[in-house]
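Step one of this worksheet: look at the structure below.
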Amino acid sequence: MNICLDSVDVGGDLLDFVKISDKKFGIAVGDVAGKGLSAALLMAKLQSTIRALVYDSQSLADLGGKLNRIFHRDSLPKIFASMIYAELSIDSGTIKFINAGHFPPMLIRKGKIEQLHKDAPALGIILESVFKEKIISLEQNDFMVVYSDGLTEAQNESGEFFGEARLIELMKNSESKSSAQLGEFILSDVNLFIGKTPAHDDLTLVVLKKVNDL
């Protein structure tokens, strides 16, 4: 499996990569409501909490519940964090994940693009939120793309948003690209779109691709 992880700027976005075993890895993508130092500090705490809990949680649903209760307890009122946490089995291409109010990941398979649903509110909103573990199996040359709102909500000089439709169009006919190539292609188009307009939000992008070992 090929993996590309990219982030731009520092703030309330989370991008973390955790080695659980030789064959299993965790990837966390998140976004704390708000900007600046306070958002960055809350996200840093969330990152450290994930790393503290991930090895001992019975399931991803259990992990999501623990993270939500801790974030709800420790954050300020009306502050929340969207998050996707995924665990990858390198040999099989199986990905288990939970989605706490984050933009749905996209699955690219044989030229078709499917949005994978979110099933729970963001962390910190409802104390007893229930999280459901989802499982997908990537087939040869499939992609899974996870991103933050800083990508689709990037704005150009006219105030136009980059948008989900533009992102989907970019990802068509991408089968021949590696994960790194697709990630760089998307980020390059975003940069071209915004031009000299200052970025108004953090941008995080993760691209996973299933390939056979040579």
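Computed over heavy atoms, backbone and side chain alike; hydrogens, waters and symmetry mates excluded.
When all heavy atoms of F97 and I136 are compared, the pair lying nearest together is CE2-CG2, 4.3 Å. Across all non-hydrogen atoms, the minimal contact from N68 to L123 is OD1-CA, 3.4 Å. Closest of all the heavy-atom pairs between Y85 and G26 is OH-CA, 3.6 Å. What you find for L182 and S174 is that their closest heavy atoms are CD1-CB, 4.0 Å. Across F103 and I84, no two heavy atoms sit closer than the pair O-CD1, 3.5 Å. In this structure, Q181 and S176 approach most closely via the heavy-atom pair OE1-O, 4.1 Å.
Between atom CD1 of residue I113 and atom CG of residue L170 there is a gap of 9.0 Å, rounded to the nearest 0.5 Å.
Using a cut-off of 4.0 Å between Lys/Arg side-chain N and Asp/Glu carboxylate O, E184 and K177 are scored as not salt-bridged. By the 4.0 Å N-to-carboxylate-O rule, K209 lies too far from D142 to be salt-bridged with it.
Residues L67 and M83 have side chains in contact (heavy-atom distance under 4.5 Å, counting atoms from C-beta outward). The side-chain heavy atoms of V145 and M171, taken from C-beta on, include a pair separated by under 4.5 Å. For the pair V29/L14, no side-chain contact is recorded, criterion being any heavy-atom separation below 4.5 Å from C-beta on. The closest side-chain heavy-atom distance from V206 to L15 is below 4.5 Å.
S158 places no side-chain N or O within 3.5 Å of a backbone atom of E160 that could act as its donor or acceptor partner. A donor-acceptor contact shorter than 3.5 Å is absent between the side chain of S57 and the backbone of L60. When atom types are taken as modelled, the side chain of H102 and the backbone of Y147 share a donor-acceptor pair closer than 3.5 angstrom. Using modelled atom types, no side-chain atom of Q115 and backbone atom of M106 make a donor-acceptor pair closer than 3.5 Å. Side-chain N or O atoms of D189 include none that pairs as donor or acceptor with a backbone N or O of F185 at under 3.5 Å. Under the 3.5 Å distance criterion, the side-chain polar atoms of S48 are matched with a main-chain donor or acceptor of K45. Counting only distance, with no hydrogens or angles, the side chain of S59 and the backbone of D62 share a donor-acceptor pair below 3.5 Å.
By the criterion of side-chain heavy atoms lying less than 4.5 angstrom apart, applied directly or through intervening Ile, Leu, Val, Met, Phe, Trp or Tyr residues, I126 is not grouped with I79; the two fall into different hydrophobic clusters. Both M144 and F17 sit in one connected hydrophobic cluster of ILVMFWY residues. Membership requires side-chain heavy atoms under 4.5 Å apart, directly or through other members. I125 and I70 fall into different hydrophobic clusters, where Ile, Leu, Val, Met, Phe, Trp and Tyr residues are linked whenever their side-chain heavy atoms come under 4.5 Å apart, directly or through other members. V146 and I27 fall within a single hydrophobic cluster, where Ile, Leu, Val, Met, Phe, Trp and Tyr are joined by side-chain heavy atoms under 4.5 Å apart, directly or via other members. Both I50 and F131 sit in one connected hydrophobic cluster of ILVMFWY residues. Membership requires side-chain heavy atoms under 4.5 Å apart, directly or through other members.
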Next item on the list: Please report the C-alpha distance between K210 and E139 in whole Å, then the side-chain angles of each, then the deciding distance to 0.1 Å, and finally whether the side-chain contact (heavy atoms from CB on, under 4.5 Å) criterion is met.
Entry: CA-CA 6 Å; K210 172 68 182 298; E139 300 172 2; 5.9 Å; no

Item checked: Worked verdict on E87 versus V54 for side-chain contact (heavy atoms from CB on, under 4.5 Å) -> CA-CA 10 Å; E87 286 187 353; V54 70; 3.6 Å; yes

Notebook entry, point to check: After noting the C-alpha distance and the side-chain angles of L88 and K24, does the key distance pass the side-chain contact (heavy atoms from CB on, under 4.5 Å) rule?
Noted result: CA-CA 5 Å; L88 295 66; K24 183 181 289 187; over 6 Å; no

Checklist line | E175 vs R109, salt bridge (charged side-chain N to carboxylate O under 4.0 Å, His left out): CA-CA, chis, key distance, verdict | finding: CA-CA 8 Å; E175 186 171 306; R109 174 172 291 165; over 6 Å; no

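In the hydrophobic clustering, where aliphatic and aromatic side chains (Ile, Leu, Val, Met, Phe, Trp, Tyr) are joined below 4.5 Å either directly or transitively, V130 stands alone.
There is no side-chain donor-acceptor pair under 3.5 Å between T197 and N156. Side chains of S148 and D13: a donor on one and an acceptor on the other come within 3.5 Å.
Checked against ring-ring contact (aromatic ring centres under 6.0 Å, His included), F162 has the following partners two or more places apart in sequence or in another chain: F193.
Open room surrounds NZ on K96; 12 or fewer heavy atoms of other groups in view lie less than 6.0 Å from it.
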